[in-house]
Trainee: 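Can you keep this structure in mind? I'll have questions shortly.
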Amino acid sequence: TARATKLLEEMWQRYRDGDKTMLPNFVTYNSMVDAWSKSFRSDAGEQAERLLKEMWELHESHPHLRPDKQTYSSVINAWAKSDEPIATQRAWRVLQEMWNKYKEFNNDISLAPSTVSYNSLIDASSRSGSGKIAEGLLREMWRMHSVRPDFGIRPDTKTYSATIAAWSRDKSQELGEAPKRASRLLEEMWELYDEKKDVTLAPNTVSYSCLLDAWARFAPSSEVAAREGERILHDMWNRQSAHPELQVMPNQACIDIVLDACEKCGQTGRGDKLVAKWKKRSRQYVLKQQAQNQQQKQQEPQPQQEEGKEEVKE
């Protein structure tokens, strides 16, 4: 980001010195904002928002530098990834500015928030452990999808996974409440997938990992955490068998969460059995995937030899 900032300054300086070909454009600024959103620096939100403000200031004399939904979404994402205490509040403010600009510019759809905008804000809420806020945003997305489908705002797997993660970090609820809310969200994902057959709404390993984390942190007891963790692992195995088109196999992180719960309640034997079962299931899954890939490869049409050309034999 430091190098990119210096290059932008150099472009402006050369432009002011008379080289009109060096005028920074819309893509230049959006790339800069995006770079800050991926920097994970604590000042990323401030720097990204500074560039947003600069674009609006330059817009009067350089109309081509007007921000759009991509610019705003990257600024929200920069705040989310900054992990600053004020990140959620500032990200909210940026989203509100998007709606204000949308109205100011005669309902210009290029300035309206998108799924990415809301997902980034939910991510900010997740990192601050605000389950209720995150789920409220998810519900608002469904409402917007119903009222104005042309906006393209609709929850997806990332939305639900981030909201489940928000509940897994929410310390404001009574023990057991946060994981129950997270569990209901995962059930909702399966209901939506069964109804719509849309993979962009289906749970994945990340969704389940966040749910396991919620039970590990906020279960009423370590015994409950271990029991629920084992139940969730079995659900993942069963769902993967029933839905080979999805990716819901437990990974090492999932197993570690449940193992830790088993150790805390003195049930290491239970954990050992789960590890053995996981290794066996994983091997079976890999072998099945390899067989399916080989079968697909064999079914692919082979390139035909051009007419009139004979195969050259050595």
Side-chain angles (χ1 to χ4, degrees), residues 119 122-123 125-132 134-135 138 155-194 199 201-244 246-286:
N119 279 357
I122 288 175
D123 186 38
S125 302
S126 172
R127 290 168 182 269
S128 64
S130 304
K132 190 173 290 186
E135 189 165 344
L138 184 151
D156 57 16
T157 299
K158 287 184 179 180
T159 316
Y160 275 91
S161 295
T163 306
I164 292 171
W167 281 116
S168 77
R169 300 177 181 130
D170 195 323
K171 300 178 182 179
S172 66
Q173 307 297 312
E174 294 182 5
L175 281 179
E177 181 59 28
K180 287 179 182 177
R181 298 289 290 268
S183 296
R184 284 198 288 270
L185 285 169
L186 190 82
E187 290 171 7
E188 184 176 317
M189 292 180 78
W190 278 118
E191 289 170 2
L192 287 166
Y193 177 69
D194 289 340
V199 294
L201 285 166
N204 59 19
T205 301
V206 174
S207 315
Y208 273 98
S209 179
C210 295
L211 178 59
L212 284 167
D213 206 25
W215 280 107
R217 292 183 180 185
F218 300 118
S221 67
S222 56
E223 167 61 31
V224 173
R227 186 178 67 245
E228 285 298 318
E230 184 175 2
R231 180 190 63 78
I232 292 167
L233 288 179
H234 280 284
D235 184 50
M236 294 177 77
W237 285 320
N238 293 335
R239 296 281 192 178
Q240 186 65 72
S241 297
H243 299 281
L246 303 180
Q247 296 292 329
V248 291
M249 276 293 287
N251 57 17
Q252 185 68 57
C254 296
I255 296 298
D256 288 344
I257 293 171
V258 181
L259 278 179
D260 186 59
C262 290
E263 289 178 6
K264 285 180 178 178
C265 65
Q267 295 185 5
T268 54
R270 185 182 200 172
D272 292 340
K273 289 180 181 178
L274 284 172
V275 171
K277 184 176 293 186
W278 170 61
K279 289 180 178 179
K280 180 181 178 180
R281 293 273 191 140
S282 296
R283 283 195 298 270
Q284 292 173 342
Y285 176 71
V286 170

Trainee: Output all residues satisfying ring pair (Phe, Tyr, Trp, His ring centres under 6.0 Å) with Trp278, sequence neighbours left out; order by chain, then residue number.
Mentor: none

Trainee: Return the set of residues passing side chain to side chain donor-acceptor pair (under 3.5 Å) with Gln247 (not counting sequence neighbours), or none when no residue passes.
Mentor: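 Listed in chain order: Tyr285.
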
Trainee: Residues two or more places apart in sequence or in another chain: which of them pass ring pair (Phe, Tyr, Trp, His ring centres under 6.0 Å) with His243?
Mentor: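 Only Trp190, Tyr193 meet the ring pair (Phe, Tyr, Trp, His ring centres under 6.0 Å) criterion with His243.
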
Trainee: What pairs with Asp213 under salt bridge (Lys or Arg N to Asp or Glu O under 4.0 Å), at least two apart in sequence or on another chain?
Mentor: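 By the salt bridge (Lys or Arg N to Asp or Glu O under 4.0 Å) rule, Asp213 matches Arg217.
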
Trainee: Hey, could you give me each pair passing side-chain hydrogen bond (donor to acceptor under 3.5 Å, both in side chains) that has a residue in residues 248-267? Not counting sequence neighbours.
Mentor: Glu223-Gln267, Gln252-Asp256, Asp260-Lys264, Gln267-Arg270

Trainee: Among all residues two or more places apart in sequence or in another chain, which pass the salt bridge (Lys or Arg N to Asp or Glu O under 4.0 Å) test with Arg227?
Mentor: none

Trainee: Rounded to the nearest 0.5 Å, how far does CG of Asn204 lie from OG of Ser209?
Mentor: 9.5 Å

Trainee: For residues 232-242, which residue pairs pass the salt bridge (Lys or Arg N to Asp or Glu O under 4.0 Å) check, not counting sequence neighbours?
Mentor: Asp235-Arg239

Trainee: List the steps, then state whether side chain to side chain donor-acceptor pair (under 3.5 Å) holds for Trp167 with Glu135.
Mentor: CA-CA 9 Å; Trp167 281 116; Glu135 189 165 344; 2.8 Å; yes

Trainee: How long is the straight-line distance from CG of Leu138 back to CD1 of Ile122, given to the nearest 0.5 Å?
Mentor: 5.5 Å

Trainee: For Ser222, enumerate each residue passing the side chain to side chain donor-acceptor pair (under 3.5 Å) test, keeping only those at least two apart in sequence or located in another chain.
Mentor: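 Ser222 satisfies side chain to side chain donor-acceptor pair (under 3.5 Å) with no other residue.
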
Trainee: List for me each residue that meets salt bridge (Lys or Arg N to Asp or Glu O under 4.0 Å) alongside Glu191, sequence neighbours excluded, and say none if there are none.
Mentor: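 In terms of salt bridge (Lys or Arg N to Asp or Glu O under 4.0 Å), with neighbours along the sequence ignored, Glu191 is linked to no residue.
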
Trainee: Going by side chain to side chain donor-acceptor pair (under 3.5 Å), name the residues that satisfy it together with Thr205, two or more places apart in sequence or in a different chain.
Mentor: none

Trainee: Taking only residues two or more places apart in sequence, or in another chain, which ones meet Thr159 in a side chain to side chain donor-acceptor pair (under 3.5 Å)?
Mentor: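 Checked Thr159 against side chain to side chain donor-acceptor pair (under 3.5 Å); matches are Asn119, Asp156.
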
Trainee: Using the salt bridge (Lys or Arg N to Asp or Glu O under 4.0 Å) rule, collect all pairs that involve residues 164-175, keeping only residues at least two apart or in two chains.
Mentor: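 Counting only pairs at least two positions apart or across chains, no salt bridge (Lys or Arg N to Asp or Glu O under 4.0 Å) contact touches residues 164-175.
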
